[in-house]
Amino acid sequence: MLQRLSARLLLVVAALLAGTAALAQDLRIGLGADVTSMDPHHLNIGSNNNALWHVYDALTHVGSDARLVPGLAESWRAVEPTVWEFKLRHGVRFHDGQEFAAEDVIASIERARATEKTGGQFGVFTKAITAMRAVDRHTVRFTTATPYAMLPYDLNSIFIISRRSLAATTEDFNSGRGGAEGKPVHPGTGPFRLLAFRRGDRIELTRNQGYWAGTPAFANVSLRLLPNDGPRIAALLAGDVDMIENIPTADAAKLRTNQNFTLGQKVSWRTIFFHMDQARDNPPGLTAKDGKPLGRNPFKDIRVRQAISRAINRTAIAERVMENLAIPAANVVAPPVFGHASALRPDAFEPDAARKLLAEAGFPDGFAMVLAAPNNRYVNDDQVAQTVAQMLSRIGIATKLETHPAATYFTKARAGEFAFAMLGWGSFSGDLALRSLLATPDPAKGYGSWNWGRHSLPKVDELLDRGFQMTDEKAREANAVEAATLALRNYGVIPVHHQIATWAMKRGLAYDGRTDEFTFAHFVRAR
């Protein structure tokens, strides 16, 4: 009897230990923004890309300090002024077991281009390529019309799919329909396989045991979509998730003193700024204070744009609203990033000078406008927007705040529904940021794809054209700084601050953080 009881006890203990071990293989992460699609070539939104990097790779990757590093390509070089050669990794396999090869790279670029016809936003990163050729299974050559130094950077944005998925639709990628025996229909080569995408709820992943960069520490990952701060914090405190991102500043201070949790922090490359419609004569939400048409667009006058900049107390926002988890900004890229113009300084807070500038521009009584912002995409985004709205109202610009969830905000903004709108942007290169944000919109060149204000300064475009042909990094950076200085002294956008990103996790986990603010389950480790 004693022997039987001992045997049973051992079985119970073994079962409990097995259960504990299984539990330790699971990781639940609360993400701070909605994921709208798992199509790797559809919407170029940071939250989507964060999720996609778990399933897919690109030829080049970005390290935790925002520096370009090898990905599916081991190396790359310009073999001629207009020809780039990429050497691919050997032995990499897609999640369905098929070997990765040069033909898959070409198919991925072809699909990124094709999806532009249905709203895809990644074709812009392939505009410079005029021809592609698979030299052999592990070598690809790209031809460009002119010397182009940015191709390795551009190809960081092209997720690599299997050539067998070339005709897949967005719905195919989202639903995974047509699969059999648990095999992925549209596989990637990334650290995890996609099990399920439940829009508005979660993304279920399982470990890719043969991942070329090393097997992830956790077997099963659940990315919970918790865009609202309160529920996300509550989920961490209740133990419903093991880790969260985008910590509100007040909660970061509380969690720092809670022995059950640890924090990870990193100076972010994300800059928060405001676009102003500088193209249309009567942008939406912009009127006289009595609601009548203004007759002209005040944002077309540099004095009005400068007045807005001088009305914003960036130091107060960084210290009080962001609780010292931000740095006042005068650039669209943070200080460590390539192309940051260090000579630019944030405008001083000078409300009297701002009122004088408005009067000089012909608006002594100011005007009325709507300030649009997301309310669940950036750290304290709605609070920052509310503070800026109050500051602008004090100089005579009667500002009404209008916020939206990120899922609808970006659709409205890109459709031109806002005249004055918040955007957060991160880039590992200042000239790439300028190309998207402040270059004259030109779809053929891939310029101005996120230039909501339609800012245009031909000299900036000329400098970008020239810089993108420079293979000398020092010369290219000097050129990027010159372009940034021109665009920002023209008040093409109004920078407010650079974020400091914060993650919180239960004790026993560690995450060092990333300058790009991405939350990658494959970099989470047990202490």
Side-chain angles (χ1 to χ4, degrees), residues 38-41 49-64 67-77 79 84-112 122 125-126 129 132-142 151-168 172-173 176 179 181-195 203 205-221 514 516 518 520-525:
M38 288 301 291
D39 184 333
H41 306 132
N49 295 341
N50 188 122
L52 289 164
W53 275 111
H54 288 81
V55 181
Y56 300 94
D57 286 306
L59 292 184
T60 59
H61 284 195
V62 175
S64 61
R67 298 293 175 179
L68 208 63
V69 297
L72 289 178
E74 291 183 321
S75 63
W76 51 89
R77 65 190 180 105
V79 294
W84 280 91
E85 181 179 271
F86 285 71
K87 290 291 187 180
L88 309 182
R89 292 185 185 277
H90 290 246
V92 175
R93 293 189 177 276
F94 287 98
H95 297 153
D96 63 356
Q98 297 293 320
E99 186 180 0
F100 159 69
E103 291 80 2
D104 301 302
V105 174
I106 292 173
S108 300
I109 292 173
E110 288 175 346
R111 184 174 186 274
F122 288 85
F125 300 105
T126 72
I129 300 172
M132 301 180 283
R133 182 168 68 93
V135 178
D136 55 45
R137 285 187 61 79
H138 297 98
T139 307
V140 185
R141 285 193 173 183
F142 300 101
L151 193 63
Y153 292 85
D154 285 352
L155 293 181
N156 171 259
S157 295
I158 301 298
F159 291 109
I160 302 301
I161 62 170
S162 165
R163 58 188 178 278
R164 294 173 296 284
S165 301
L166 182 58
D172 291 336
F173 281 101
E181 300 176 358
K183 294 182 179 179
V185 188
H186 306 296
T189 61
F192 295 95
R193 289 196 299 112
L194 177 66
L195 293 180
I203 300 165
L205 307 167
T206 188
R207 181 165 56 196
N208 176 8
Q209 295 285 358
Y211 186 49
W212 59 267
T215 304
F218 294 90
N220 304 298
V221 171
R514 295 176 57 87
D516 57 21
F518 284 146
F520 289 159
H522 39 297
F523 289 148
V524 179
R525 62 188 188 279

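Just the heavy atoms: all of them, side chains too, but no hydrogens, waters or symmetry mates, feed the values below.
- Listed by chain and number, the residues in a side chain to side chain donor-acceptor pair (under 3.5 Å) with Asp39 are Arg111, Thr170 (sequence neighbours excluded).
- Every residue two or more places apart in sequence or in another chain was checked for a side chain to side chain donor-acceptor pair (under 3.5 Å) with Asn50, and none qualifies.
- The closest donor-acceptor contact from the side chain of Asp104 to the backbone of Ala101 lies under 3.5 Å.
- The aromatic rings of Tyr56 and Phe159 are tilted relative to each other, their planes meeting at an angle between 30° and 60°.
- Looking at residues two or more places apart in sequence or on another chain, you find no salt bridge (Lys or Arg N to Asp or Glu O under 4.0 Å) involving Arg67.
- The minimum heavy-atom distance between Ala51 and Met38, with the atom names listed, is CB-SD, 3.9 Å.
- At least one donor-acceptor pair closer than 3.5 Å links the side chain of Thr215 to the backbone N or O of Gln209.
- A 4.5 Å side-chain heavy-atom check between Ser165 and Pro187 finds at least one atom pair inside the cut-off.
- Looking at heavy atoms from C-beta onward, Trp76 lies in side-chain contact with Pro70 at the 4.5 angstrom threshold.
- Side-chain contact between Phe122 and Asn49: present, with at least one pair of heavy atoms (C-beta onward) separated by less than 4.5 Å.
- Trp212 and His61 have tilted rings, their planes meeting at an angle from 30° to 60° on a 0 to 90° scale.
- Between the side chain of Thr60 and the main chain of Asn156, a donor-acceptor pair closer than 3.5 Å is present.
- Taking Glu74 as the reference, Arg89 meet the side-chain contact (heavy atoms from CB on, under 4.5 Å) condition, with sequence neighbours excluded.
- In this structure, the side chain of His54 does not engage the main chain of Gly190 through any donor-acceptor pair within 3.5 Å.
- Minimum heavy-atom separation, Arg164 to Phe94: NH2-CD1, 4.2 Å.
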What verdict does the side-chain contact (heavy atoms from CB on, under 4.5 Å) test give for Phe142 and Leu155, after you've listed the backbone C-alpha separation in whole Å, the side-chain angles of each residue and the deciding distance to 0.1 Å? CA-CA 11 Å; Phe142 300 101; Leu155 293 181; 3.8 Å; yes

Report the C-alpha separation of Leu151 and Phe86 in whole Å, then their side-chain angles, then the decisive distance to 0.1 Å, and conclude whether the side-chain contact (heavy atoms from CB on, under 4.5 Å) test is met. CA-CA 11 Å; Leu151 193 63; Phe86 285 71; 4.3 Å; yes

For a side-chain contact (heavy atoms from CB on, under 4.5 Å) check, start with the C-alpha distance between Tyr211 and Asp57, then their side-chain angles and the critical distance, and finish with the verdict. CA-CA 11 Å; Tyr211 186 49; Asp57 286 306; 2.9 Å; yes

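- Listed by chain and number, the residues in a side chain to side chain donor-acceptor pair (under 3.5 Å) with Arg141 are Glu85 (sequence neighbours excluded).
- Here the side chains of Arg163 and Glu110 are not in contact, with every heavy-atom distance at 4.5 Å or above.
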Step by step, work out the side-chain contact (heavy atoms from CB on, under 4.5 Å) result for Leu59 and Leu88. CA-CA 8 Å; Leu59 292 184; Leu88 309 182; 3.7 Å; yes

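- Residues satisfying the side chain to side chain donor-acceptor pair (under 3.5 Å) test with Arg525, not counting sequence neighbours, are Asp512.
- Taking the six-membered ring where the residue is Trp, Phe523 and Phe520 present tilted rings, their angle falling between 30° and 60°.
- The closest side-chain heavy-atom distance from Val55 to His95 is below 4.5 Å.
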